[in-house]
Structures are given as structure tokens and as C-alpha cells.
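Chain naming here is simple, since letters A, B, ... match the order of the sequence lines and numbering starts at 1 in each.
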Number of protein chains: 2
Amino acid sequence: MARRTGSSAEVTGPRIRAAALRLFARHGYAAVSMRQIATEVGLQAGALYLYTPDKQTLLFELLRGHMEDLLAAYGTPDGPPEARLRQFVRFHIAYNLDHADEVFLSYMELRNLEPANFAVIESLRRRYEDQLSQILRDGAGLGAFQIADVRLATMAIIAMLNGVNTWYRQSGRLSREEVLALHETMAKSMIGAR
Amino acid sequence: MARRTGSSAEVTGPRIRAAALRLFARHGYAAVSMRQIATEVGLQAGALYLYTPDKQTLLFELLRGHMEDLLAAYGTPDGPPEARLRQFVRFHIAYNLDHADEVFLSYMELRNLEPANFAVIESLRRRYEDQLSQILRDGAGLGAFQIADVRLATMAIIAMLNGVNTWYRQSGRLSREEVLALHETMAKSMIGAR
DNA sequence: GTCTATACGTGGATAGAC
DNA sequence: GTCTATCCACGTATAGAC
């Protein structure tokens, strides 16, 4: 049975994070006040401090949560490199489009993290990038891909895929499936996949 | 002959813009105060308002100046599509690396522009992107490139090239020339250039 | 052209009542 | 668990002296 009192507490935390995420992504961390976040959730500013020690930690927890969700959602597919590359490209674009605010925030507000917090996020991001590097390395080892530099190819593919979020609109000229398919083709061509 | 009095005025404006650029790029527009900018230049905050009507205009002028410099620096090369693509790729990466603060700012702080100012910057950016689209269209028309969608390929190539600025360091593993050459190869492969 | 002083709003964060 | 009240620093911008 759910508790009667305090039941709102279990829902207030997530609502605060959701509001902070939306506002930070829209206006930038520095431009958003704790009062704005509180208003959005229907609280007074003081009440926020029951859920976060300060504004910086609120930002950090949003970014950390995003990176961990991303890693968990990706899993670690197996199969031949070509299939895993296809899966990575499609997963990455789809996940980015479905979590646009989180993705935008986790690139834009890195500079507003304290050094210790920054290191944590960067390490999680690196772990994700390494998933793609491993695919490329395996494919190159088998002769399926032609890659001069695996790390550089990793960064180039991820940068290309990230670009989608800056212009894709659901009502746009290209369907989501077309965008996925075309990027799959471009990613493969880039590294000389058969 | 330079004037005696007021000679400092001709140098103060640029110094203010340079300081604002550096601070905005490093900490974000919203996080930087007019007092910080003034201190950086060795002025009092009030003196800044002799050079800009307000903070928003200071940001806008920085972005507009950058986009116009970019367009002027690119010019409009001619020659066969392959050569023009090669030139675009190299120019874009080199210019971005040499103007990292301006480039970063012009992507990150778009959301802090008033709608009218935003429209001006976006229109300039589109004019630049169209330079690449034209190259791709010409190449596709001649059968030199295999491109399913010119606009999407344009965005994909620019996103890939922009990615360099997020990780390239002069002291890094790859030389600047290697980075240029490898991206030239990847850009060509992406669109099936011969 | 620059400075000092200042108006006035808003920032993050805390104390203590309920 | 939330609110009200409040502290104090700092924000943009302006007025007026020099």
C-alpha cells in the first residue's frame, strides 16, 4: 500500500528534475533561477532544497542520470561489425531525438560543471564512445571496414549523428525512417564498409 | 597622424569585444556580467555603455561579425566539384580551429538572441551552408557524387566537420594536416566521390 | 572617455513557523 | 513537506562629476 502522507514527496523529486531539465535546456543553466524552477513545479524556492543541496548538484544529477540511462539503453549488441554498426547508428539517432533536452544539456552545460563533476560525466561519455570504437576496430580487423584512424572515425561518426538533433523536425521534409536509413548509408560509406 | 586624445577610444571597442567573446565562450552569455567584461578590459562597468547599448547587442554584434567574416573568408571558389569539396572541407576545419571561440559562441548562444537577431544570424549561416549544398548539387549533377538528399548530406558533412573543434588539441596525437586529410577522405567517401 | 555613485531588481540559499 | 520572510551578494543600467 502506498503511504498517504508523503506520497507527494515521491513525485516531487522527479517533477523538479523534469522542470529543471526543460528550463536548463531551453534557457541555459546560468539563466534559470531556482525560483523559476520552483514556480514551474508549484513550489516555493526554499522547498527545492529538500531535494537538492544546491543548483550545481541538480545539474550534475541530470547529466549523470542521462549518461547512465544512455549506457543502459544501448546495452552491448553482438553480431558481425556491419550489423552492430547499423544498430549503433539507428540507436544513437533515435535515442537522441527522443531525449533531445538531455542530449543538448549534456553537451552545452559541461562547462558549468565543477571539475570533479565534469570528470565523471566525461568518463561516462567516453565509455559510450568506446562502444562505437570497438565496432570499428573489429570491422577493420576483419577487413570489412577501411579505417585510417579508429578514434578519429569514431568522433566523426558521432559528430555526424549528433547533427541530426540540430535540424530534424517531426513535421519536416524527411521521415524519421528516411533520416535513419540515409545516415546508416553515409556512416557505412565513410568507413568503406562493403 | 593619429589623434592624441581619443586615440584610446579606437582601441577600447575592439578590446571590449575581444574580452566579451572570450568570457562568453568560456562561461556562457548568461553567466558573464558586464562588470566582469569591464574588469577584463580595465574599465568600470558604466563605461561599456559608451560602446554598446546593452549586453544583448554586444552578443549579437559578436555573432554577426563572426558570420560575416566567415562568409568573406570563404569567398566562392570555382573549379570541378571534387576540388571545391576538398577546398570547403579544409577551409571549414581550419577556420573553425582558428576561430574556436567565435564558432562555439555562434552555436551555443543562439538561444539567447532575441528573435529578430536570431533570424539575421540564421540567414547568414544558411548562406554559408548553401555554398556546400551547391558543390554537392553540381557534383551529383555531373555524376561525380552519389547523393540521395543534398540538404541532408550538407548537414551531415558540416556536423562531422564541426565535431573536430570538440576534441582537437594542438598537442594531440594527430597533426592538423592529418586531421584535414582524413576528413577530406571521409567527406568524399560519404557521398561516393570517385 | 572614463569614473563614482547609485537605483532597483533578482540571484542562491537559509531560518523558523506551520 | 512546504511556506513565508529574510540575508546579502550581485545583476543591468543610468546620472552626473571630472
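Remark: C1' of D:dA13 and CG of B:Leu58 are 14 Å apart, rounded to the nearest angstrom. Going from atom CZ of A:Arg15 over to atom P of D:dG1 covers 15 Å, rounded to whole Å.
Taking the six-membered ring for Trp and thresholds of 30 and 60 degrees, B:Phe91 and B:Tyr74 have ring planes inclined between 30 and 60 degrees apart.
Among the heavy atoms of the strands lying under 4.0 Å from A:Leu43 are primed sugar atoms or P, OP1, OP2 only; no base atom is included.
Residue pairs meeting the salt bridge (Lys or Arg N to Asp or Glu O under 4.0 Å) criterion with at least one member in residues 34-43 of chain B, sequence neighbours excluded, are B:Arg22-B:Glu40. Within the structure, salt bridge (Lys or Arg N to Asp or Glu O under 4.0 Å) pairs that include any residue of residues 42-62 of chain B comprise B:Glu61-B:Arg64 (at least two apart or interchain).
The side chain of B:Thr12 places an N or O atom within less than 4.0 Å of a non-bridging phosphate oxygen (OP1 or OP2) of C:dT2. Between B:Gln44 and the phosphate of C:dT4, there is a side-chain N or O to OP1/OP2 separation shorter than 4.0 Å.
Looking at B:Ser133 and B:Thr154, their side chains do bring a donor and an acceptor atom within 3.5 Å of each other.
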What string of B, S and - do you get for nucleotides 10-16 of chain C 5' to 3' if you count protein non-hydrogen atoms under 4.0 Å? -BBBB--
Step by step, work out the salt bridge (charged side-chain N to carboxylate O under 4.0 Å, His left out) result for B:Glu82 and B:Arg86. CA-CA 6 Å; B:Glu82 294 89 338; B:Arg86 171 194 154 89; over 6 Å; no
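For the pair A:Arg125 and A:Tyr107, the cation-pi test (distance below 6.0 Å, angle within 45°) is passed.
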